[in-house]
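Count residues from 1 along the sequence. This is a predicted model, so every value here is computed, not measured.
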Amino acid sequence: MKTFFFESIYNTQEYALSELSDEPIFVISYSQEKGKGTSNRTWLNADQALACSLAVKHEDIKVKHTLIPLLSSYIFTEVLNEINLSLKWPNDIILNNQKVGGILVEKSESNICIGMGVNYFWDKPEIPGAGSVFNKKQEDALINSHAKEWASEVLSTLAKNNFDLGKYKQKLQTIGKIVEYPEGRGWADDINEDGSLRIKSTDGNYINLTSPLISEVN
């Protein structure tokens, strides 16, 4: 894995993909000029943040691609296992019911890029429902260490296909809640083997959601 460090960069995803050749590329930055969030939402830089992207070739990935957002978010909660982080399906990282991070997976030709953004410290978040992992700034060396450990574990899991979906579900706060989605609302019942969310709709039928465009009602 070849790693690049930046104080600031235009976009970690684009840079990682542009540099990918014979080995995975990992890009770490503390801010982005034009970062991207899930569903093309605008990226806002926290007071102290980690923005990183891991670019990998398709042939190096042995897991179902639909599981990549899930395993990537879960692995970060294990890196910071001393903090009570939880998850919102499929890829949001949660602390005290506030979103502190998330995963963005993009496909480009024969490559995949996994982006992760984490708010390490944010005194006054500009987004409703957003928060940060810590209540004061951390040393850059610590952030770098967390990022590299995350990337190494993600690469290992992609290659070995040893993601434990059961452990992911143990950290998931979505199951059992009422959720709204573009077609209606229902109860989040379970996570399927492909990573999709099984919903019991209000009319008693079951549907499987693959889109992350849901909101939790309770």
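Taken to the nearest 0.5 Å, the CE atom of Met116 stands 9.0 Å off from the CD1 atom of Ile28. Atom CE of Met1 is separated from atom OG1 of Thr3 by 4.0 Å, given to the nearest 0.5 angstrom. Note that NZ of Lys57 and CD of Glu109 are 9.5 Å apart. Values are rounded to the nearest 0.5 Å. The line from OG1 of Thr157 to CG of Leu71 is 6.0 Å long, rounded to the nearest 0.5 Å. To the nearest 0.5 angstrom, Glu14 atom CD is 12.5 Å from Glu19 atom CD. Going from atom CD1 of Ile94 over to atom CG of Leu87 covers 8.0 Å, rounded to the nearest 0.5 Å.
Considering only heavy atoms from C-beta on, Val118 comes within 4.5 Å of Val133 through its side chain. Looking at heavy atoms from C-beta onward, Val179 lies out of side-chain contact with Trp187 at the 4.5 angstrom threshold. The shortest side-chain heavy-atom distance between Leu80 and His146 falls under the 4.5 Å cut-off. Leu158 places a side-chain heavy atom less than 4.5 Å from the side chain of Ile114. With a 4.5 Å cut-off on side-chain heavy atoms, Lys169 and Asp190 count as touching. Counting heavy atoms from C-beta on, the side chains of Ile178 and Arg185 come closer than 4.5 Å. Two residues are said to be in side-chain contact when any heavy atoms from C-beta on lie closer than 4.5 Å; Lys2 and Pro24 fail this criterion.
The environment of Glu59 atom CD is dense: over 12 non-hydrogen atoms of other residues, nucleotides or ligands sit within 6.0 angstrom. At most 12 heavy atoms of other shown residues, nucleotides or ligands fall within 6.0 angstrom of atom CG in Asn96. Around atom CG of Asn84, no more than 12 heavy atoms belonging to other residues, nucleotides or ligands sit under 6.0 Å away. No more than 12 heavy atoms of other residues, nucleotides or ligands sit less than 6.0 Å from atom CG of Asp22.
For Ser152 (side chain) and Lys148 (main-chain N/O), a donor-acceptor pair under 3.5 Å exists by modelled atom type. Side-chain atoms of Asn192 do not come within 3.5 Å of backbone N or O of Asp194 as any donor-acceptor pair. Side-chain atoms of Gln13 come within 3.5 Å of backbone atoms of Gly115 as a donor-acceptor pair (strictly under, hydrogens ignored). Between the side chain of Asn119 and the backbone N or O of Gly131, at least one donor-acceptor pair lies under 3.5 Å. Between the Thr12 side chain and the Ala51 main chain, no donor and acceptor come within less than 3.5 Å of each other. Without hydrogens or angle criteria, Ser72 side chain to Ile68 main chain gives a donor-acceptor distance under 3.5 Å. A side-chain donor-acceptor contact under 3.5 Å links Thr77 to the backbone of Tyr74.
In this structure, Tyr181 is a member of the same hydrophobic cluster as Leu197, with clusters built from ILVMFWY side-chain heavy atoms closer than 4.5 Å. A continuous path of Ile, Leu, Val, Met, Phe, Trp and Tyr side chains, each step under 4.5 Å between heavy atoms, connects Phe5 with Leu50, placing both in one hydrophobic cluster. Linking Ile, Leu, Val, Met, Phe, Trp and Tyr whenever their side-chain heavy atoms come within less than 4.5 Å puts Val100 and Ile83 in one cluster.
We find that Asp47 and Lys124 are not joined by a salt bridge, their nearest charged nitrogen and carboxylate oxygen being 4.0 Å or further apart. Salt bridge absent: Asp189 and Lys200 never bring a charged side-chain N and a carboxylate O closer than 4.0 Å. A salt bridge links Glu78 to Lys171: at least one charged side-chain nitrogen sits closer than 4.0 Å to a carboxylate oxygen.
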Inset, instruction - With side chain to side chain contact (heavy atoms under 4.5 Å, CB included) as the test, would you mind laying out the steps for Ile191 and Ile175 before giving the verdict? - result: CA-CA 8 Å; Ile191 304 297; Ile175 300 301; 4.1 Å; yes

Inset, instruction - Could you check Trp122 against Ile127 for side chain to side chain contact (heavy atoms under 4.5 Å, CB included), going step by step and ending with a plain yes or no? - result: CA-CA 11 Å; Trp122 206 349; Ile127 304 172; 4.2 Å; yes

Legend entry - Evaluation steps, side chain to side chain contact (heavy atoms under 4.5 Å, CB included), between Phe6 and Ser31: CA-CA 8 Å; Phe6 296 92; Ser31 68; over 6 Å; no

Inset, instruction - Please assess Tyr30 against Asn144 for the test side chain to side chain donor-acceptor pair (under 3.5 Å), listing each intermediate value before the final yes or no. - result: CA-CA 10 Å; Tyr30 306 127; Asn144 294 344; 2.7 Å; yes

Legend entry - Check against side chain to side chain contact (heavy atoms under 4.5 Å, CB included), Leu54 and Ile25: CA-CA 6 Å; Leu54 178 65; Ile25 297 296; over 6 Å; no

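Asn205 and Ser201 form no side-chain donor-acceptor contact under 3.5 Å, judged by distance and modelled atom types alone. No hydrogens or angles considered: nothing links the side chains of Thr174 and Lys88 as a donor-acceptor pair under 3.5 Å.
Phe163 and Tyr168 get closest at one heavy-atom pair: CZ-CB, 3.6 Å. Closest heavy-atom contact between Val105 and Pro69: CG2-CG, 3.9 Å. For the residue pair Ser29 and Ser8, the shortest heavy atom distance occurs at OG-CA, 3.4 Å. Closest non-hydrogen pair, Asn91 versus Ile103, comes out as ND2-O, 2.9 Å. Between Ile75 and Glu153, the shortest heavy-atom contact is CG2-CB, 3.6 Å. Contact record, Asn97 with Gln173: OD1-OE1, 3.9 Å, taken as the closest heavy-atom pair.
Taking the six-membered ring where tryptophan is involved, the planes of Phe4 and Tyr15 are perpendicular, since the angle between them exceeds 60° and thus also 30°. His58 and His65 have parallel rings, their planes meeting at less than 30° on a 0 to 90° scale where 60° marks the start of perpendicular. Using cut-offs of 30° and 60° on the angle between ring planes, the pair Tyr120 and Phe76 is perpendicular.
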